[in-house]
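Reckoned from all heavy atoms, side chains included, excluding hydrogens, waters and symmetry mates. Both ligands and their constituent atoms are indexed starting at 1 by order of listing.
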Amino acid sequence: MSSLLQRLALHPVGTDLGVLEETESDHGAGTYGAVGARSRSLAAQLRGVRTSLAGARIAFLAPPSRGYVDTLLGILLAGGTAVPLSPLHTSAELAHVIRVAQPEVLITTNALADKLEPVREGLPVVVLDRPRKTVFAHDAEPNDAAPAIMLFTSGTTGKPKGVVLSHAGVAATLGALEEAWQWKRTDRLLHVLPLHHTHGVVVALLGAFWAGAEVRFATFDPKTVFERLAHSTVMMMVPPMVAKLVEALEAAEPAQRASMTAALRSMRLFTCGSAALPASLHARFAAATGHAILERYGMTEIGMALSNPYVGERAPGLVGTELPHVAIDLCDEAGKVLPRGEPGELRVRSPQMFTGYFGDSAATAAAFDAEGRFQTGDVGVRDERGYVRLLGRASSDILKSGGYKISALEIEEVLRAHPDVGEVAVIGTPDETWGDIVTACIVVRAGREAPTLEALKEFAAKELAPYKLPRALRVLSELPRNAMGKVQKQALRAP
Ligand code: MCA
Ligand code: AMP
């Protein structure tokens with residue numbers, strides 16, 4: 001059995017857990033023992049659908065709930081590769097994931113079964129809350145090298161790619177975070193992140209499970225968060241969430257504010273990552289709550305790489321130093337390591353490293369340099385203590401909005417099909433709350449009228465998840481291009 005499963009499966013059956021849905025008050029149904037029994041039953045059923053699941057991808061669509069957790073663990077126990085799908089995604093996006101991942105089985109809930117129907121392409125579907133026939137079989141024995149999870153992330157070319165994480169890679173991430181952030185079985189995580197990206201699935205959810213801690217899911221909104229924090233010890237955020245909590249605190253009347261901050265007494269750790277947390281927000285959160293947010297840096301492919309210290313100075317605007325067993329060089333374009341103080345690309349070696357982009361060995365090979373280091377495309381500089389400050393990304397085609405990594409090219413491809421759009425370039429306009437505001441710069445098609453932002457959004461919403469939609473529109477007479485005809489996004493971004 002892999003070291004990941006040994007650790008996840010070994011929590012005592014009675015550990016008072018666990019996974020509670022927003023409305024859930026029945027602790028008993030959520031103990032690790034109960035989750036373990038349900039996920040083993042699902043694993044047994046999956047092995048009944050396919051006798052050998054070793055290496056098989058199993059895609060699943062479930063809201064943040066016990067059903068999600070049972071499914072994720074059930075797939076891992078059955079020896080399959082878990083491919084989480086997002087309820088935020090359109091049919092076109094789900095179809096893309098299914099086309100790339102080539103799953104053998106789909107799993108969903110009664111409520112979401114209709115969403116999967118148009119894209120299931122004849123694949124068997126297991127519906128969680130319908131009666132199932134249990135087929136008994138021996139536990140599968142995935143080893144450390146076996147693939148565990150496939151997560152989709154955007155790149156500078158084409159549609160999102162399937163990043164394969166092995167059991168060993170996930171275990172390395174969880175072990176490093178347990179050590180660095182002092183996860184304990186007595187922790188209670190308030191989980192408000194989406195469950196189709198590394199932050200929500202690996203860092204938060206499996207991070208808590210690794211420690212045997214409690215997880216409580218909630219939809220992010222400041223009111224709910226302040227209510228739930230009174231029962232929590234850990235919360236993980238992306239920068240817009242920090243902005244919204246700070247705004248809510250600053251807008252509250254003194255008495256109300258006192259009760260909101262009183263709710264934070266049980267909290268021991270707020271972390272933030274996925275996108276840059278402005279130093280000003282870090283300071284406002286500290287002033288309003290007395291908590292210094294621990295900012296860290298990672299990437300789907302490399303796992304978690306840099307972190308501010310749990311004990312020691314959590315520096316605003318900096319992402320800290322290497323997590324255990326991670327090695328990072330700041331390099332010039334040729335891969336030469338630069339002296340401290342000079343900005344360079346972060347290149348990474350790590351036991352957390354992904355095993356490849358599924359079905360795309362050329363892209364996998366291109367992601368590493370001649371020394372075998374992963375090329376992040378992120379540029380940073382180290383201060384005298386070794387803390388890294390991130391300065392931005394090498395490519396203008398990757399945006400971070402709301403903490404989501406978004407490919408400008410994917411949005412451009414969709415908008416280009418709009419009848420009023422002649423040419424289009426998508427850029428990120430810097431914003432304190434959202435990171436990048438997705439901005440469509442268009443040239444109107446000859447003989448047509450300029451579309452409104454609302455019309456473009458409505459058009460794009462048929463293909464793209466809400467978090468990828470343009471939030472600003474600029475209508476131009478032409479796009480700035482270089483001699484080769486390539487759009488100069490830097491020029492578009494200049495104020
Ligand atoms: C929403 N709004 C926005 C954006 N999103 N405006 C500009 N840019 C945006 N990106 C506006 C809406 O138009 C609306 O305005 C209002 O905000 C509320 O919209 P809503 O959709 O309800 O927002 P939300 O659901 O509250 O979403 C905010 C969110 C969400 C909860 C912060 O973006 C989120 O869950 N982000 C997490 C992403 C994540 O997990 N990334 C991890 C990737 P109006 O009210 O005027 O209509 S993994 C990763 O990055 C690596 C490994 C790592 O390091 O972690
Ligand atoms: P993803 O592919 O969604 O895993 O996103 C990874 C990218 O998120 C990294 O390459 C960074 O550009 C960005 N990122 C993650 N954490 C931080 C952070 N703390 N500050 C700035 N950027 C971050």
Side-chain angles (χ1 to χ4, degrees), residues 64 84 86 88 151-156 160-161 163 165 173 177 191-205 207 218-222 224-225 236-245 247 271-279 282 293-308 315-320 323 345-346 348 352 354 357 367 374-380 388-395 398-407 411 428-439 453-454 457 461 465-472:
S86 172
L88 294 171
L151 297 168
F152 279 72
T153 190
S154 296
T156 47
K161 296 195 207 34
V163 173
L165 303 174
T173 302
L177 295 183
H191 192 303
V192 291
L193 293 158
L195 284 169
H196 62 301
H197 286 309
T198 273
H199 199 168
V201 183
V202 179
V203 180
L205 184 64
T219 306
F220 179 83
D221 75 74
T224 310
V225 166
M236 301 190 176
M237 302 180 281
V238 294
M241 296 176 177
V242 179
K244 302 227 167 283
L245 295 186
E247 281 162 21
T271 70
C272 185
S274 300
L277 177 67
H282 189 283
I293 292 174
L294 183 156
E295 186 177 3
R296 58 42 173 197
Y297 158 86
M299 197 171 180
T300 311
E301 290 90 331
I302 65 174
M304 292 298 109
L306 293 160
S307 174
N308 273 280
L318 280 80
V319 290
L323 281 161
E345 185 193 11
L346 278 69
V348 180
Q352 305 176 25
F354 75 133
Y357 296 113
F374 181 82
Q375 307 173 112
T376 62
D378 290 308
V379 177
V388 172
R389 178 186 298 282
L390 292 169
L391 302 172
R393 291 192 59 89
S395 165
I398 294 290
L399 314 185
K400 267 278 171 164
S401 189
Y404 287 105
K405 191 180 195 186
I406 299 173
S407 157
I411 304 171
T429 308
D431 179 81
E432 167 115 346
T433 297
W434 297 106
D436 288 315
I437 297 270
V438 177
T439 305
L453 176 62
E454 280 315 309
K457 267 172 134 169
Y467 60 84
K468 299 180 188 169
L469 299 178
R471 309 279 173 175

Original post:
Would a search of protein heavy atoms around atom 27 (O) of ligand 1 find one under 4.0 Å away?
Top reply: no
Original post:
Heavy-atom distance from atom 35 (O) of ligand 1 to the protein below 4.0 Å?
Top reply: yes
Subject >> Atom pair CE (Met299) and CG (Leu306), whose distance is rounded to the nearest 0.5 Å >> reply: 12.5 Å
Original post:
Would a 4.0 Å cut-off, counted as strictly less than, catch a protein heavy atom around atom 18 (C) of ligand 1?
Top reply: no
Subject >> Ser407 vs Pro160 side-chain heavy atoms within contact, under 4.5 Å >> reply: no
Original post:
Name the one of Thr271, Val203, Val202 that satisfies side-chain contact (heavy atoms from CB on, under 4.5 Å) with Leu177?
Top reply: Val203
Subject >> Nearest non-hydrogen protein atom, atom 11 (C) of ligand 1 >> reply: Trp434 CZ2, 3.6 Å
Original post:
Taking side chain as C-beta onward, heavy atoms only, is Thr429 less than 4.5 Å from Trp434?
Top reply: no
Subject >> Gly403 neighbourhood, listing ligand 1 atoms whose heavy-atom distance to it stays under 4.0 Å >> reply: 38 (C), 39 (C), 41 (N), 42 (C), 43 (C), 50 (O)
**OP:** Could you please spell out the steps behind the side-chain contact (heavy atoms from CB on, under 4.5 Å) verdict for Thr198 and Thr153?
**Re:** CA-CA 9 Å; Thr198 273; Thr153 190; over 6 Å; no
Original post:
In ligand 1, which numbered atoms sit nearer than 4.0 Å to a non-hydrogen atom of Met299?
Top reply: 52 (C)
Subject >> Sub-4.0 Å protein heavy atom next to atom 50 (O) of ligand 1 >> reply: yes
**OP:** Go through ligand 1 atom by atom and flag the ones less than 4.0 Å from a non-hydrogen atom of Thr300.
**Re:** 52 (C)
Original post:
Just which atoms of ligand 1 are under 4.0 Å from any heavy atom in Gly298?
Top reply: 54 (O)
Original post:
For atom 33 (O) of ligand 1, which candidate among Gly435, Gly402, Gly428 holds the nearest heavy atom?
Top reply: Gly402
**OP:** Return the minimal non-hydrogen interatomic distance between Ala394 and Val379, and the atom names on each side.
**Re:** N-CG2, 4.3 Å
**OP:** Look up atom 44 (P) of ligand 1 and tell me if a protein heavy atom lies less than 4.0 Å from it?
**Re:** no
Subject >> Name of the residue among Arg393, Lys400, Lys405, Arg389 meeting salt bridge (Lys or Arg N to Asp or Glu O under 4.0 Å) with Asp378 >> reply: Arg393
Subject >> Distance-only N or O hit between ligand 1 and Asp436, under 3.5 Å >> reply: no
Original post:
Heavy-atom contacts under 4.0 Å between Arg471 and ligand 1: side chain, backbone, both, or neither?
Top reply: side chain
**OP:** Non-hydrogen atoms closer than 4.0 Å to ligand 2: which protein residues do they belong to? List them by chain and number, please.
**Re:** Thr153, Ser274, Ala275, Ala276, Glu295, Arg296, Tyr297, Gly298, Met299, Thr300, Val319, Asp378, Leu390, Arg393, Lys400, Lys405
Subject >> side-chain contact (heavy atoms from CB on, under 4.5 Å) evaluation trace for Leu193 with Met241 >> reply: CA-CA 10 Å; Leu193 293 158; Met241 296 176 177; 4.0 Å; yes
Original post:
Roughly how far apart are Asp436 CG and Asp431 CG, rounded to 0.5 Å?
Top reply: 9.0 Å
Subject >> Nearest candidate to atom 30 (C) of ligand 1, where distance is taken over non-hydrogen atoms, out of Tyr467, Phe220, Tyr404 >> reply: Tyr404
Original post:
Aromatic rings His196 and Tyr467: how do their planes relate, parallel, tilted or perpendicular, breaks at 30° and 60°?
Top reply: tilted
**OP:** Can you pull out the closest protein heavy atom to atom 42 (C) of ligand 1? Residue, atom name and distance to 0.1 Å, please.
**Re:** Ser274 OG, 3.3 Å
Subject >> Residue and atom name of the nearest protein heavy atom (relative to atom 29 (C) of ligand 1), distance in Å to one decimal >> reply: Met241 CE, 4.5 Å
Original post:
For atom 55 (O) of ligand 1, is the nearest protein heavy atom under 4.0 Å away?
Top reply: yes
Original post:
Counting each atom of ligand 1 from 1 as listed, which ones have a heavy atom of Ser401 under 4.0 Å away?
Top reply: 8 (N), 9 (C), 10 (N)
Original post:
To the nearest 0.5 Å, what is the distance between NE2 (His197) and CZ (Phe152)?
Top reply: 11.0 Å
**OP:** For residues Lys244 and Val225, determine if any side-chain heavy atom of one lies less than 4.5 Å from a side-chain heavy atom of the other.
**Re:** no
Original post:
Going by the atom numbers of ligand 1, which of them fall below 4.0 Å from some non-hydrogen atom of Arg296?
Top reply: 53 (C), 54 (O), 55 (O)
Original post:
Can you check side-chain contact (heavy atoms from CB on, under 4.5 Å) on Leu88 and Tyr404, steps first, answer last?
Top reply: CA-CA 12 Å; Leu88 294 171; Tyr404 287 105; 3.5 Å; yes
Original post:
What is the distance from atom NE2 of His199 to atom CZ of Arg296, rounded to the nearest 0.5 Å?
Top reply: 4.0 Å
**OP:** Just do the side-chain contact (heavy atoms from CB on, under 4.5 Å) check on Val163 and Tyr357 with the steps written out, would you?
**Re:** CA-CA 5 Å; Val163 173; Tyr357 296 113; 3.8 Å; yes
Subject >> Ligand-side contact atoms (ligand 1) for residue partner His199, heavy atom cut-off under 4.0 Å >> reply: 42 (C), 48 (S), 55 (O)
Original post:
Does some non-hydrogen atom of Pro466 fall short of 4.0 Å from ligand 1?
Top reply: no
Original post:
For the atom pair OG1 (Thr376) and CD (Glu345), what is the distance rounded to the nearest 0.5 Å?
Top reply: 5.0 Å
**OP:** For ligand 1, indicate whether the residue Lys400 contacts it via side chain, backbone, both or neither (heavy-atom separation under 4.0 Å).
**Re:** side chain
Subject >> Protein contact for atom 40 (O) of ligand 1 (heavy atom, distance under 4.0 Å) >> reply: yes
**OP:** To the nearest 0.5 Å, tell me how far Leu346 CG sits from Gln375 CD.
**Re:** 12.0 Å
**OP:** May I ask whether atom 15 (O) of ligand 1 is less than 4.0 Å from at least one protein heavy atom?
**Re:** no
Original post:
So, do Ser307 and Leu323 sit near enough that their side-chain heavy atoms are less than 4.5 Å apart?
Top reply: yes
